[in-house]
Amino acid sequence: IITLPYGSDSYMYSKIKNKNVQNALLINYPEFAKYEKEIEQRVFWWSKHSDIVVTGLMRLDGFPRWDVCTPQFVVIDTNTWKTKKNYSKANGINEPVKVVHSPNHRGLKGTEFLIKTVEELKEEGLKIELILLEKVQNDIVREIMQEADILAEQFIIPGYGLNGIEGMASGLPVLANLDDPD
């Protein structure tokens with residue numbers, strides 16, 4: 001049995017060391033904090049009965065054991081993503097830089113901070129177009145990435161998700177929080 005703990009099935013909020021991550025989860029998904037004892041029982045049961053536990057995607061907070069620790073175990077079919085052939089010369093002064101952001105969880109991705117930052121840069125006179133894609137089919141995201149200059153992935157939880165991998169497969173520079181102070 002190989003266990004890959006992920007999401008609300010295994011995250012125990014009180015055991016998260018990074019308070020920014022804990023706060024983002026509590027704001028966006030407060031209901032899971034109510035079931036922490038049940039989650040803890042499942043995590044410990046799987047820890048006991050699994051042959052291999054692969055952790056890392058959600059960090060190591062709260063897991064009693066891991067056999068393999070990887071920073072990322074999610075993958076995409078890179079054959080469905082094409083590397084950009086044409087890159088713009090936009091630098092924010094001559095033309096708008098197109099920044100795409102496709103959050104599935106705004107609070108965890110830091111969308112509010114990205115929007116505020118883009119507005120501040122515009123106030124300073126820079127030309128930036130923020131393309132916010134939410135609840136959009138993946139084939140449309142693929143098309144828009146071909147026209148974008150930068151992918152803004154996530155800024156609260158350290159690491160990157162599927163969207164970051166999609167951006168890299170498209171040949172975009174990807175902005176993500178890779179700093180883990182814990």
Side-chain angles (χ1 to χ4, degrees), residues 1-83 100-111 113-114 133-139 141-142 145 150-182:
I1 299 171
I2 299 172
T3 301
L4 304 161
Y6 177 74
S8 62
D9 289 335
S10 58
Y11 233 171
M12 294 174 271
Y13 291 4
S14 70
K15 297 184 185 216
I16 297 171
K17 294 176 187 147
N18 184 316
K19 296 306 172 195
N20 291 327
V21 172
Q22 184 182 21
N23 188 54
L25 287 165
L26 284 168
I27 289 170
N28 291 273
Y29 307 101
E31 65 276 13
F32 297 118
K34 298 174 186 175
Y35 304 106
E36 185 163 319
K37 279 295 175 199
E38 291 89 344
I39 293 168
E40 181 181 60
Q41 289 172 344
R42 284 194 303 267
V43 167
F44 280 83
W45 190 93
W46 281 108
S47 178
K48 179 179 179 181
H49 294 94
S50 296
D51 296 305
I52 296 173
V53 178
V54 180
T55 60
L57 178 64
M58 294 176 22
R59 311 168 52 147
L60 302 176
D61 295 342
F63 297 109
R65 124 176 203 235
W66 56 85
D67 301 294
V68 178
C69 181
T70 178
Q72 185 61 278
F73 57 70
V74 295
V75 296
I76 63 168
D77 178 1
T78 55
N79 292 324
T80 62
W81 295 83
K82 307 253 182 300
T83 303
V100 68
H101 181 60
S102 184
N104 53 352
H105 307 283
R106 274 185 172 226
L108 298 177
K109 299 288 183 168
T111 304
F113 301 109
L114 176 63
L133 303 175
E134 294 180 284
K135 298 179 183 171
V136 174
Q137 293 293 323
N138 208 250
D139 56 330
V141 173
R142 251 192 305 277
M145 281 194 187
I150 298 170
L151 172 69
E153 218 287 63
Q154 63 186 39
F155 306 105
I156 304 297
I157 295 202
Y160 55 89
L162 288 171
N163 193 231
I165 298 170
E166 293 165 349
M168 289 184 275
S170 298
L172 290 175
V174 176
L175 302 175
N177 174 14
L178 299 179
D179 181 36
D180 192 357
D182 296 334

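Note that these values count all heavy atoms, side chains included, but never hydrogens, waters or copies made by symmetry. In this text the structure is predicted, and so the values were computed from the model without any measurement.
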**Student:** I'd like to know whether Leu172 forms a side-chain contact (heavy atoms from CB on, under 4.5 Å) with Ile150, so could you lay out the CA-CA distance, the side-chain angles of the two residues, the decisive distance to 0.1 Å, and finally the verdict.
**Tutor:** CA-CA 6 Å; Leu172 290 175; Ile150 298 170; over 6 Å; no
**Student:** Can you measure from CD1 (Ile39) to OH (Tyr11) and round to the nearest 0.5 angstrom?
**Tutor:**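 So the gap between those two atoms works out to 12.0 Å.
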**Student:** Does Gln22 use its side chain to pair, donor to acceptor, with the backbone of Tyr13 at less than 3.5 Å?
**Tutor:**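 The answer is yes, because a donor-acceptor pair under 3.5 Å joins these two groups.
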**Student:** How far does CG of Asn104 sit from CG of Leu133, to the nearest 0.5 angstrom?
**Tutor:**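 Separation between the atoms: 12.0 Å.
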**Student:** Could you tell me if the side chain of Asn163 sits less than 4.5 Å from the side chain of Met145, heavy atoms only?
**Tutor:**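 Yes, at least one pair of side-chain atoms sits under 4.5 Å.
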**Student:** Could you tell me if the side chain of Asp67 sits less than 4.5 Å from the side chain of Val54, heavy atoms only?
**Tutor:**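 With C-beta onward as the side chain, the pair stays apart.
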**Student:** Taking all atoms of both residues into account, what is the closest heavy-atom pair of Gly167 and Leu151, and its distance?
**Tutor:**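 Distance-wise, the nearest heavy atoms are CA-CD2, 3.7 Å.
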**Student:** For Gln137, does the CD atom sit with more than 12 other heavy atoms under 6.0 Å from it, leaving out its own atoms?
**Tutor:**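 Open: at most 12 neighbouring heavy atoms sit under 6.0 Å from CD of Gln137.
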**Student:** Side chains of Phe155 and Thr111, heavy atoms from C-beta outward: is any pair under 4.5 Å?
**Tutor:**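 Not in contact.
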**Student:** If you round to the nearest 0.5 Å, how far is CD1 of Ile16 from CG of Leu26?
**Tutor:**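 Answer for the CG-CD1 pair, Leu26 versus Ile16, is 7.5 Å.
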**Student:** If you round to the nearest 0.5 Å, how far is OG of Ser8 from CG of Leu25?
**Tutor:**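 Nearest 0.5 Å value for the CG-OG distance: 10.0 Å.
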**Student:** Over all heavy atoms of both residues, which pair between Val174 and Gly164 is shortest? Give the atoms and the distance, please.
**Tutor:**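 Heavy atoms only, the tightest pair is CG2-O, 3.7 Å.
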**Student:** Would you say that Val43 contacts Pro64 through its side chain, given a criterion of any heavy-atom pair below 4.5 Å between the two side chains?
**Tutor:**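 The answer is yes; the side chains approach within 4.5 Å.
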**Student:** Test of understanding: with side chain to side chain donor-acceptor pair (under 3.5 Å), list the residues that count as partners of Thr3, not counting sequence neighbours.
**Tutor:**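 Once residues adjacent in sequence are excluded, the partners of Thr3 under the side chain to side chain donor-acceptor pair (under 3.5 Å) criterion are Ser50.
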**Student:** Considering only heavy atoms from C-beta outward, does the side chain of Val68 approach that of Ile52 to under 4.5 Å?
**Tutor:**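 Counting from C-beta outward, Val68 and Ile52 do come under 4.5 Å.
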**Student:** Passes side-chain contact (heavy atoms from CB on, under 4.5 Å), Phe113 versus Ile156? Steps please.
**Tutor:** CA-CA 10 Å; Phe113 301 109; Ile156 304 297; 3.7 Å; yes
**Student:** Any salt bridge (charged side-chain N to carboxylate O under 4.0 Å, His left out) pairs touching residues 166-177, not counting sequence neighbours?
**Tutor:**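 Applying salt bridge (charged side-chain N to carboxylate O under 4.0 Å, His left out) to every pair that reaches into residues 166-177, excluding sequence neighbours, yields nothing.
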**Student:** Looking at Ala24, is its backbone amide N or carbonyl O close enough to the side chain of Asn28 to form a donor-acceptor pair, meaning the two atoms are under 3.5 Å apart?
**Tutor:**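 Here the side-chain-to-backbone pair exists.
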**Student:** Classify the side-chain pair Glu36/Ser14 by whether it contains a donor and acceptor separated by less than 3.5 Å.
**Tutor:**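 Short answer, yes.
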**Student:** Could you walk me through whether Asn177 and Tyr160 pass side-chain contact (heavy atoms from CB on, under 4.5 Å), step by step?
**Tutor:** CA-CA 7 Å; Asn177 174 14; Tyr160 55 89; over 6 Å; no
**Student:** If you compare all heavy atoms of Gly171 against all heavy atoms of Thr83, which two are closest, and at what distance to 0.1 Å?
**Tutor:**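 Looking at all heavy atoms of both residues, the shortest contact is CA-CG2, 4.1 Å.
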**Student:** Can you list the residues that meet the side chain to side chain donor-acceptor pair (under 3.5 Å) rule with Ser170, with sequence neighbours excluded?
**Tutor:**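 For Ser170 there are no side chain to side chain donor-acceptor pair (under 3.5 Å) partners, ignoring immediate neighbours.
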**Student:** For Gln154, what residues pass the side chain to side chain contact (heavy atoms under 4.5 Å, CB included) criterion, not counting sequence neighbours?
**Tutor:**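 Applying side chain to side chain contact (heavy atoms under 4.5 Å, CB included) to Gln154 gives Lys109, Ile157.
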**Student:** Is there a side-chain contact between His101 and Glu153, using heavy atoms and a 4.5 Å cut-off?
**Tutor:**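 Sidechains of Glu153 and His101: no contact.
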**Student:** Any sub-3.5 Å donor-acceptor pair from Asp51's side-chain atoms to Ile2's backbone N or O?
**Tutor:**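 A pair under 3.5 Å: no.
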**Student:** Phe63 and Ser10: side-chain contact (heavy atoms from CB on, under 4.5 Å), yes or no, with the steps?
**Tutor:** CA-CA 8 Å; Phe63 297 109; Ser10 58; 3.7 Å; yes
**Student:** Residues two or more places apart in sequence or in another chain: which of them pass side chain to side chain donor-acceptor pair (under 3.5 Å) with Glu40?
**Tutor:**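 Side chain to side chain donor-acceptor pair (under 3.5 Å) list for Glu40, sorted by chain: Lys15, Lys37.
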**Student:** Show me, pair by pair, the donor-acceptor contacts under 3.5 angstrom made by side chains of residues 74-82, not counting sequence neighbours?
**Tutor:**
from	atom 1	to	atom 2	distance (Å)
Asp77	OD1	Asn79	N	3.0
Thr80	OG1	Asp77	O	2.8

